[in-house]
**Student:** 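One structure, pasted below without further comment.
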Amino acid sequence: MTESDSAAAAALDAGDGAGDERRDFLLIATSVIGATGTALALWPFIDTMNPSADVLALASTEIDLSPIEEGQSITIVWRGKPVFVRRRTAAEIEEARATPLDQLPDPEPDEARAEKSEWLILVGICTHLGCIPLGQKSGDPRGNFGGWFCPCHGSHYDTSGRIRKGPAPENLVRPPYAFLDETTIRIG
Amino acid sequence: MSQPTWKNPIVAWIDYRLPVFTFAHHELVDYPTPRNLNYWWNFGSLAGVMLVILIVTGVFLAMHYTPHTDYAFASVERIMRDVNYGWLIRYLHMNGGSIFFLVVYIHLFRGLYYGSYKAPREVLWIIGVVIIFCMMATAFMGYVLPWGQMSFWAATVITNLFSAVPLFGEEIVNWLWGGFSVANPTLNRFYALHFLLPFVIFALVFVHLWALHVHKSNNPLGVEMTGDSDSIPFHPYYTIKDAFGLGVLFLVYFAFTFFAPNFFLEPDNYIEANPLVTPTHILPEWYLMPFYAILRAITFDIWFISAKLIGVIAMFASIAVLFLLPWLDTSPVRSATFRPVFKQFFWILVIDCVVLGYVGANPPEGWFIPLGQIATAYYFIHFLVLIPLIGFLERPRAVPDSIASAITAGTNPGVEQS
């Protein structure tokens with residue numbers, strides 16, 4: 001309020017000091033309601049940027065596992081991201097289970113990582129900054145722990161997809177999945 | 001300063017109602033400018049010219065570009081091969097970005113060297129830092145539009161930075177993407193914002209100039225203008241000097257545009273984006289490499305805070321620390337000309353930034369990791385420890401009373417720097 005405004009207000013309220021308080025209340029109440037309304041009106045704009053209905057509709061994928069031999073891996077696309085499906089060998093499972101949990105930056109037992117020990121199903125995105133780790137193809141480097149190796153910033157994952165060395169803070173993420181029968185899964 | 005009288009009746013008629021001509025005369029012709037500015041003071045106006053060139057070339061590219069993941073890459077190739085002079089406009093835009101950053105970085109270091117951020121120019125400085133920040137966001141989103149491999153993976157790496165935010169990280173990233181990965185909604189919004197932000201920068205430049213014209217330019221001596229004997233009118237003295245500088249800059253800019261147009265670009269960006277294959281080395285453009293090096297320098301957790309989050313914070317802090325610089329620098333003397341100790345450390349900082357850029361351009365392996373960590377630590381030590389300490393401990397050389405007295409005494413220490 002400028003000086004002349006408050007002078008005018010004072011003149012109006014002459015002989016009645018309560019007027020100032022009422023004006024202040026009205027001013028503050030109006031400003032608060034106005035600001036709240038504006039803030040609420042922002043939400044539709046912000047929400048347009050969230051995943052839309054058509055994107056959400058394509059959120060689950062079914063896969064037939066039967067053609068995958070022991071020791072083989074496949075990469076499938078789920079929600080625009082690669083999902084690694086690896087049919088692990090007995091040696092790989094043994095190696096993952098033998099690792100003491102206190103050696104892991106993000107401790108998690110192998111039993112909690114795979115519903116059926118043979119099938120390791122993980123989102124193939126490095127938990128550091130979202131690169132795709134190598135290790136799916138037979139010629140790829142698999143890092144120091146036989147799992148995956150992320151070439152971007154040098155994260156090493158083991159045969160359970162757990163982070164062992166490098167900047168990634170967490171293990172490769174296990175997507176939500178369910179076995180529909182012995183050889184079919186649905187991801188998402 | 002005299003009020004101009006307009007002889008042309010149309011000009012006079014308009015000026016009476018909207019005094020644009022008087023305004024332009026005051027701010028661009030009569031405008032008193034220190035008489036001792038050296039060539040480092042060219043870079044502000046050069047940056048302005050580059051911004052205009054980028055907006056003009058960008059608008060013409062927008063007439064031919066298709067912001068859809070199925071067509072973006074092909075539409076850029078069409079611009080290169082089929083659109084008349086499309087190759088020229090694109091190469092001017094692409095290399096123009098690099099030249100813009102080059103010019104602005106020199107402008108920034110000019111300000112650091114001559115203490116241009118000190119009172120009463122703190123707000124001017126802060127607006128400048130905001131402009132650089134907006135430029136980085138704009139450049140990053142522009143890099144994504146051709147939808148090559150580097151485009152896609154730079155977008156993935158940089159948007160994933162926000163997943164380091166505690167609690168809401170994943171929600172924020174999905175919101176930025178408009179999905180569960182970098183995809184068509186992401187490309188669409190980046191295009192919209194890449195179009196919008198340069199105009200925001202343009203408005204910020206206007207405010208930057210407004211703040212500049214209140215207290216006028218700093219100068220190599222770092223002493224304020226005290227009267228008419230310290231200043232010369234902007235036109236014709238600095239219009240001609242800026243025009244000469246622009247000619248030199250264009251030689252460099254067009255040398256790249258015509259003879260090495262892909263010098264700054266990663267070859268991988270001529271491979272169309274593939275969400276299932278990560279390139280061996282994901283690299284940002286050269287002007288973001290020092291910040292990329294700082295991001296990757298943090299490879300260790302501190303207490304419960306993950307290395308990833310600290311890296312992100314460090315990267316943003318490396319720019320944010322510049323906001324505080326006017327208050328971190330405790331020295332009353334502006335120009336490094338009179339600050340023998342600060343001057344040495346200024347050049348060490350320049351070297352440190354080049355080292356950071358070099359580390360950022362290389363894979364995070366072997367000795368690049370400790371080198372990046374040392375350079376990152378030094379960067380922050382420079383601003384947070386050395387700058388306040390030097391201000392207290394250094395004994396500055398005698399500062400002249402005025403620009404004119406320094407020049408007429410036959411010694412002009414400002415000249416030796418240029």
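Predicted model, so just to flag it, every value in this text is computed and none were measured. Below, all heavy atoms of this structure are taken into account, side chains as well, without hydrogens, waters or symmetry copies.
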**Student:** Does anything in residues 171-188 of chain A reach chain B? List residues with heavy atoms under 4.5 Å apart, or say none.
**Tutor:**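 Within residues 171-188 of chain A, no residue comes under 4.5 Å from chain B.
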**Student:** So which heavy atom on B:V157 is nearest to which on A:C131, and how close?
**Tutor:**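 That closest heavy-atom pairing would be CG2-SG, 4.1 Å.
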**Student:** Under 4.5 Å heavy-atom distance to chain A, tell me which part of B:I158 shows up: side chain, backbone, both or neither.
**Tutor:**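 It is neither, since no heavy atom gets under 4.5 Å.
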**Student:** In terms of heavy-atom proximity below 4.5 Å to chain B, should A:L134 be classed as side chain, backbone, both, or neither?
**Tutor:**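 Looking at A:L134, nothing touches chain B.
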**Student:** Just so I know, are the side chains of A:I46 and B:W175 near enough to count as touching, which here means a heavy-atom distance under 4.5 Å?
**Tutor:**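 They are in side-chain contact.
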**Student:** Rounded to the nearest 0.5 Å, what separates atom CD1 in A:I132 from atom OG1 in B:T156?
**Tutor:**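 It comes to 8.0 Å.
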**Student:** Would you say B:E171 has more than 12 foreign heavy atoms packed within less than 6.0 Å of its CD?
**Tutor:**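 Yes.
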**Student:** Has B:F368 got more than 12 heavy atoms of other residues, nucleotides or ligands less than 6.0 Å from its CZ?
**Tutor:**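 Atom CZ in B:F368 is crowded, with more than 12 foreign heavy atoms closer than 6.0 Å.
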**Student:** In Å, rounded to the nearest 0.5 Å, how long is the span from CZ of B:R296 to NE2 of A:H128?
**Tutor:**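 So the CZ of B:R296 and the NE2 of A:H128 are separated by 9.0 Å.
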**Student:** To the nearest 0.5 Å, tell me how far B:F180 CZ sits from A:L56 CG.
**Tutor:**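 Output value for this atom pair is 5.0 Å.
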**Student:** Measure B:I282 against the heavy atoms of chain A and call it side chain, backbone, both or neither at under 4.5 Å.
**Tutor:**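 Contact with chain A involves the side chain of B:I282 alone.
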**Student:** Would A:N50 and B:W177 count as a side-chain contact (heavy atoms from CB on, under 4.5 Å) if you check the C-alpha gap in whole Å, the side-chain angles of each, and the deciding distance to 0.1 Å?
**Tutor:** CA-CA 8 Å; A:N50 270 323; B:W177 288 336; over 6 Å; no
**Student:** For B:G179 and A:P51, work out which heavy atoms get closest and say how close.
**Tutor:**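 That closest heavy-atom pairing would be N-CG, 3.6 Å.
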**Student:** Listed by residue number, which members of residues 72-98 of chain A have a heavy atom under 4.5 Å from any heavy atom of chain B?
**Tutor:**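 Residues of residues 72-98 of chain A touching chain B at under 4.5 Å: A:V77, A:R79, A:G80, A:K81, A:P82.
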